[in-house]
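Below is one structure; the comments refer to it alone.
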Amino acid sequence: ADMDDDGTVHTNKEDEQSTLSTVRKRAGAYDVYAPSGPIGIVVDSTERGPSVHSLKSNSPMHGLIMAGDLIVALDDEDTRNMTAGELTRLMAKKSRQRERKITLYSMEGY
C-alpha cells in the first residue's frame, strides 16, 4: 500500500474493488446462514477473493450456495482479500457459533 503526504493509504485494489457495502447492493450479492460445524464447502483462492470451488455431497449448503460464487464476507467481515486458507481457518474458528452469516456474490453478475 502506498501512503500519501496527508497520511491516507491507497491500495491498488481500491480502484477496481468497491467497498463491501456497494458489493452488497449489487444484484448478484446474497446472504446465507450456515449452521454450526463443518459446512462442507471447498474454497479456492482467486484474484477476486475466495470462491466456492465445490460442495461436498453431505454439505448442508446444497441449494443455498452455488459453486463459482465469491465469498465476500463472513459475519460482515470483508473476506475479499483473504486466501482460501485464511477464510477456511476463520470459518473453522467460528464453527461453534449457532450460525455464521456468509455473504456471497454470484459470478453470473460479473
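Computed from heavy atoms alone, side chains included, the values below leave out hydrogens, waters and symmetry copies.
Panel note: side chain Asp75, backbone Lys101; a donor-acceptor pair is recorded below 3.5 Å. Side chain of Thr79 to main chain of Met82: no donor-acceptor pair is present (N/O by atom type, distance under 3.5 Å, no hydrogens or angles). Under a 3.5 Å cut-off, the side chain of Ser51 and the backbone N or O of Gly68 do not form any donor-acceptor pair. A donor-acceptor contact shorter than 3.5 Å links the side chain of Arg100 to the backbone of Pro35. Formation of a donor-acceptor pair under 3.5 Å by the His62 side chain with backbone atoms of Lys56 is found in this model.
Residues Arg24 and Asp76 have side chains in contact (heavy-atom distance under 4.5 Å, counting atoms from C-beta outward). In this structure the side chain of Met66 never reaches within 4.5 angstrom of the side chain of Val52, judged on heavy atoms. Side-chain atoms of Ile102 and Met91, non-hydrogen and from C-beta on, do get closer than 4.5 Å to each other. Residues Lys94 and Leu90 form a side-chain contact, since some pair of their non-hydrogen atoms from C-beta on lies under 4.5 Å apart. Counting heavy atoms from C-beta on, the side chains of Thr103 and Leu20 never come closer than 4.5 Å.
Hydrophobic clustering (ILVMFWY, side-chain heavy atoms < 4.5 Å, transitive): Ile65 and Tyr105 are in distinct clusters. Under a hydrophobic clustering in which Ile, Leu, Val, Met, Phe, Trp and Tyr are joined whenever their side-chain heavy atoms come within less than 4.5 Å, directly or via other members, Ile41 and Leu70 fall into different clusters.
When all heavy atoms are compared, the tightest approach of Leu64 to Tyr30 is O-CE1, 3.3 Å. Here the shortest heavy-atom pairing between Ser59 and Gly40 reads CB-O, 3.3 Å. Between Asp69 and Ser106, the shortest heavy-atom distance links the atoms OD1-CA, 3.4 Å. When all heavy atoms are compared, the tightest approach of Val23 to Ala29 is O-CB, 3.4 Å.
Summarising the geometry, atom CD belonging to Glu99 is positioned 12.0 Å from atom CD1 belonging to Ile39; distances are rounded to the nearest 0.5 Å. The CG atom of Asp44 sits 11.0 Å away from the OG1 atom of Thr83 when rounded to the nearest 0.5 Å. Annotation: the span from His53 atom NE2 to Thr46 atom OG1 amounts to 12.0 Å, rounded to 0.5 Å. Rounding to the nearest 0.5 angstrom, the gap separating the OH atom in Tyr33 from the CZ atom in Arg98 is 11.0 Å.
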